[in-house]
Protein chains: 2
Amino acid sequence: MKGIRLLAEHLDISIGTVSRALNGKPDVNEETRRRVLAAAAELGYVANQSGRSLRQGETKVIGLMIESSQEAVENADNFFLGVTSGLQHVFARHKLDLLMLPCPAGEDPCEYLKRMVARRLVDAMIISNTQRMDRRIDLLSRAKIPFAAVGRSRSAGNYPWVDLDFEGVAERAVERLVARGHRRIAITAPSSEVNLGYVFVESYRRTLERYGIPFDPSLVIRVKSSEQGGYQAAHELLQLEDRPTAVILIYELMAIGLYRRLMEAGIRIGRDLAVIGFRDAPRARFLQPSLSCFRMSLYDLGIALGQTLLANMPAYRAFYPDGGHNIIWPLELVPGESDAFEVGASV
Amino acid sequence: MKGIRLLAEHLDISIGTVSRALNGKPDVNEETRRRVLAAAAELGYVANQSGRSLRQGETKVIGLMIESSQEAVENADNFFLGVTSGLQHVFARHKLDLLMLPCPAGEDPCEYLKRMVARRLVDAMIISNTQRMDRRIDLLSRAKIPFAAVGRSRSAGNYPWVDLDFEGVAERAVERLVARGHRRIAITAPSSEVNLGYVFVESYRRTLERYGIPFDPSLVIRVKSSEQGGYQAAHELLQLEDRPTAVILIYELMAIGLYRRLMEAGIRIGRDLAVIGFRDAPRARFLQPSLSCFRMSLYDLGIALGQTLLANMPAYRAFYPDGGHNIIWPLELVPGESDAFEVGASV
DNA sequence: AATGTAGGCGGAAACGTTTTGGGATGTCAA
DNA sequence: TTGACATCCCAAAACGTTTCCGCCTACATT
């Protein structure tokens with residue numbers, strides 16, 4: 001004899017009453033409830049999740065899908081662990097547990113997600129690394145599984161997401177550099193087919209033109225958002241005829257590769273060239289000279305993300321009446337030495 | 001009507017047969033099996049995990065417990081994501097899924113684990129960050145949940161674990177430094193009450209004595225294994241009267257803080273002082289001068305860990321007849337510039 | 001023709017839980 | 001005394017799956 005039945009027998013009451021007592025339902029004498037709770041604690045009883053899920057059709061578990069491929073691992077740089085903390089803070093309030101579902105390296109993310117969802121292992125999902133056209137979004141919508149995404153995509157339908165304020169970052173980075181006398185400012189971005197690559201560069205272009213600086217396509221460097229990409233970006237910068245005096249990175253991690261290549265070429269960062277990074281990557285915090293960059297609190301981002309998700313789950317909606325559907329997450333500039341000079345100033 | 005019942009009705013056979021067909025059991029006509037499989041694919045049927053788990057008493061899920069506290073996040077530096085990949089490679093063979101269970105920052109790890117285990121959400125667990133006396137090990141042993149640990153502990157009983165070869169690293173680091181003329185070699189380590197702190201320093205001591213170099217306790221610097229700790233270690237090094245010419249770090253990440261403090265003090269790393277690191281932390285890969293350090297493949301470690309776990313699960317034991325109970329994981333020296341000089345050599 | 005055997009299938013029980021409908025008891029007002 | 005009502009509890013059904021047991025058919029063996 002196991003589980004709730006054991007407990008019921010031990011107390012000499014029915015299992016139904018035990019269940020109601022444990023779950024805080026009415027219709028149970030306070031004295032009885034007290035006894036049940038005491039006995040449960042004593043015997044170390046915890047409800048079997050399978051039985052409960054089967055009956056209720058819900059698991060009280062939220063899944064966070066991440067990728068465990070080599071490349072994703074290299075680039076994530078603790079991003080998810082940081083967000084997780086914020087998510088859990090929100091979920092704890094509702095006795096929800098967070099599980100991370102790492103998609104195996106070889107498997108198609110969409111298939112993996114389908115498998116996980118169909119197994120009814122989780123009540124809701126958070127997906128990340130959203131692609132331009134992400135089949136996972138259609139999948140989840142059709143399966144009617146509540147979800148939230150980290151990152152916008154162009155997939156059809158409106159769904160809840162939280163994304164970083166790329167436009168704002170590009171705008172403020174340009175403003176900052178222009179204020180220091182820069183006129184030729186390069187920018188890195190992924191392919192313009194990726195939503196992010198488009199948005200980031202557009203904002204950069206608009207801001208430049210606001211200052212009457214013509215947009216020069218050769219200053220837009222399309223590379224991967226990784227250390228490797230940073231190295232390559234630096235390489236391409238060095239090839240340019242009329243070399244820029246500043247460069248804006250779309251991902252802080254790129255700075256590592258970029259620094260290396262520039263140092264090889266004898267360029268003094270923060271003297272000959274200004275660099276501004278973006279997004280928090282602990283790995284890049286220790287560059288010398290220190291990197292000026294836009295950062296955010298992953299914890300707070302996690303909180304917003306969690307609330308956005310819950311606001312889209314019928315059972316919890318009431319708790320988050322104005323739970324934003326879509327959130328553009330602001331970033332804060334943390335000044336460093338990498339852009340601490342005025343163009344033309346004597347050294 | 002849902003699930004297997006729907007499928008059975010659609011095919012006009014009983015649910016029992018459908019189940020047997022899907023699970024590759026005998027006692028089902030090959031033609032029937034083919035039809036069932038086809039229909040399942042067409043209707044997108046995937047067994048409900050709750051029902052299955054309830055019936056079978058197993059979930060086909062392995063849990064990897066990690067910590068999501070701020071400190072753990074800072075120090076982990078992608079360690080788990082890396083191992084995960086190897087684990088999954090092993091588990092995939094048995095159609096086991098890996099879930100990461102992040103222990104919320106505030107919660108007691110042992111209570112969290114108890115909660116998760118009691119819910120019967122996973123068949124087995126992998127725990128990490130094992131403490132000197134880890135209550136989780138007793139808990140899992142008593143609950144008869146198969147598990148494996150990353151890291152030895154002094155907890156009672158023999159249980160499966162995989163740990164890094166601290167002794168070997170300390171020994172080889174000393175050998176390497178002595179060969180380059182160093183006689184005063186400092187070492188960092190956590191408190192000697194932590195098993196690791198004891199083992200690491202003991203090996204260092206033995207190796208020194210093998211070369212006839214007396215052990216000097218003042219050269220053992222007890223600090224946290226973090227960037228912060230590295231900074232502090234450098235600070236303490238600078239206070240020493242008879243300053244050492246080399247230092248061995250127990251965790252690569254410490255190098256970041258250490259470098260910073262030493263550079264502030266005008267010490268030239270790789271010229272005035274040799275530094276050797278240990279364990280793979282991507283964040284430290286980009287230091288200048290590059291760090292000599294002992295590294296390993298997280299992927300391969302994950303594979304070994306996975307096999308060790310399965311070898312201890314009755315259902316899978318047969319696949320891993322000589323699945324090592326305990327594994328001391330070797331590391332490989334990747335030479336860098338940080339110790340590339342001979343003591344006394346002219347520069 | 002009778003018997004044995006194997007293959008293939010259906011029926012039903014079981015896993016542990018929550019929930020529903022209703023039954024027993026007690027209290028209060030008419 | 002009776003009825004109405006609230007309180008507390010029990011019994012049973014249901015969730016979706018796997019598995020045990022036994023039945024049926026077809027075929028081979030005597």
Side-chain angles (χ1 to χ4, degrees), chain A residues 1-37 39-40 43-61 95 115-123 143 315, chain B residues 1-37 39-40 43-61 95 115-123 143 315:
Chain A
M1 173 112 30
K2 282 160 53 182
I4 203 172
R5 187 155 273 120
L6 174 68
L7 203 57
E9 178 167 291
H10 186 254
L11 290 163
D12 200 30
I13 56 180
S14 80
I15 60 170
T17 303
V18 173
S19 174
R20 283 196 315 271
L22 291 171
N23 294 321
K25 295 288 166 71
D27 267 26
V28 41
N29 189 313
E30 276 313 315
E31 166 62 14
T32 309
R33 188 190 304 278
R34 208 189 45 69
R35 281 177 54 221
V36 172
L37 257 33
L43 274 69
Y45 169 82
V46 178
N48 176 311
Q49 189 60 36
S50 299
R52 164 178 283 172
S53 303
L54 182 59
R55 166 67 221 213
Q56 314 200 114
E58 60 172 19
T59 63
K60 297 282 183 188
V61 169
K95 293 192 185 294
R115 210 154 54 80
M116 287 303 177
V117 161
R119 286 169 59 160
R120 309 256 142 209
L121 202 75
V122 298
D123 290 341
Chain B
M1 175 114 29
K2 281 158 56 182
I4 203 173
R5 188 155 272 118
L6 175 69
L7 202 56
E9 176 167 293
H10 186 255
L11 289 162
D12 202 27
I13 56 181
S14 79
I15 59 170
T17 304
V18 173
S19 174
R20 284 195 310 270
L22 292 172
N23 295 319
K25 294 291 166 68
D27 270 24
V28 43
N29 189 313
E30 276 312 316
E31 166 61 13
T32 310
R33 189 190 304 277
R34 209 189 44 68
R35 282 178 55 222
V36 171
L37 257 34
L43 275 69
Y45 170 81
V46 178
N48 176 311
Q49 189 60 37
S50 300
R52 163 178 285 173
S53 304
L54 182 58
R55 167 67 221 216
Q56 312 200 117
E58 61 173 18
T59 63
K60 297 282 183 189
V61 169
K95 293 192 186 295
R115 210 154 54 81
M116 287 304 178
V117 162
R119 287 170 58 161
R120 310 255 142 209
L121 200 76
V122 300
D123 291 342

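Naming: A, B, ... by sequence-line order, numbering from 1 per chain.
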Worksheet item: What is the nucleic acid contact for B:Gly3, judged by heavy atoms within less than 4.0 Å: base, sugar-phosphate only, or nothing?
Response: sugar-phosphate
Fill in: Point-to-point distance, once rounded to the nearest 0.5 Å, from CZ of A:Arg52 to OG of B:Ser50
11.5 Å
Worksheet entry | Outermost nucleotides of DNA chain D that come under 4.0 Å of a non-hydrogen atom of chain B | D:dG16 to D:dC20
Show me the donor-acceptor pairs, under 3.5 Å and distance only, between side chains in residues 54-61 of chain A and residues at least two apart or in other chains.
| from | atom 1 | to | atom 2 | distance (Å) |
| --- | --- | --- | --- | --- |
| A:Thr59 | OG1 | A:Val61 | N | 3.3 |
| A:Thr59 | OG1 | A:Leu121 | O | 3.3 |
| A:Thr59 | OG1 | A:Asp123 | N | 3.4 |
| A:Thr59 | OG1 | A:Asp123 | OD1 | 3.0 |

Worksheet item: Is the side chain of A:Thr17 donor-acceptor paired with the backbone N or O of A:Ile13 at a distance under 3.5 Å, no angle test?
Response: no
Discussion item. On a heavy-atom basis, which atom in A:Tyr45 and which in A:Ile4 lie closest, and how many Å separate them?
Written reply: CE1-N, 3.4 Å
Item to complete: Using the closest heavy atom to pick a nucleotide of DNA chain C for each, name whichever of A:Tyr45 or B:Val28 lands nearer the 5' end.
Response: B:Val28
Item to complete: Consider the side chain of A:Asp27, meaning its heavy atoms from C-beta on, and name the nucleotide among C:dT17, C:dC9, C:dG22 that approaches it most closely.
Response: C:dG22
Response to the item:
dist B:Arg119:CZ -> B:Arg115:CZ (nearest 0.5 Å) comes out at 6.5 Å
Worksheet, complete the sentence: Comparing nearest nucleotides in DNA chain D, the 5'-proximal residue of the pair A:Ser14, B:Thr17 is A:Ser14
Worksheet item: Do side-chain atoms of B:Arg33 reach the backbone of B:Ala21 as a donor and acceptor pair under 3.5 angstrom?
Response: yes
Worksheet entry | DNA chain C contacts made by residues 47-60 of chain B, counting heavy atoms under 4.0 Å | B:Leu54, B:Arg55
Worksheet item: Could you give the CG-to-C1' distance, from B:Asn29 to C:dG10, as a whole number of Å?
Response: 15 Å
Worksheet, complete the sentence: note: B:Arg20, atom CZ; C:dG8, atom P; distance rounded to Å ~ 11 Å
Discussion item. Test your reading of the model: is there a side-chain donor-acceptor pair from B:Arg35 to the backbone of B:Glu30, 3.5 Å cut-off?
Written reply: no
Worksheet item: Atom CZ of A:Arg5 and atom C1' of C:dT17: how far apart are they, to the nearest Å?
Response: 9 Å
Worksheet item: Where the side chain of A:Ser19 meets the backbone of A:Ile15, is there a donor-acceptor pair that is under 3.5 Å apart?
Response: no
Practice prompt. Let me know, please, whether A:Lys2 or A:Lys25 comes out on the 5' side of the other along DNA chain C by nearest nucleotide.
Written response: A:Lys2
Fill in: Separation of C:dG8 C1' from B:Arg34 CZ (nearest whole Å)
17 Å
Discussion item. Base, sugar-phosphate or nothing for A:Arg120? Non-hydrogen atoms, less than 4.0 Å.
Written reply: nothing
Practice prompt. Say whether, by atom type as modelled, one donor and one acceptor occur between the side chain of A:Arg20 and the main chain of A:Lys25 under 3.5 angstrom.
Written response: no
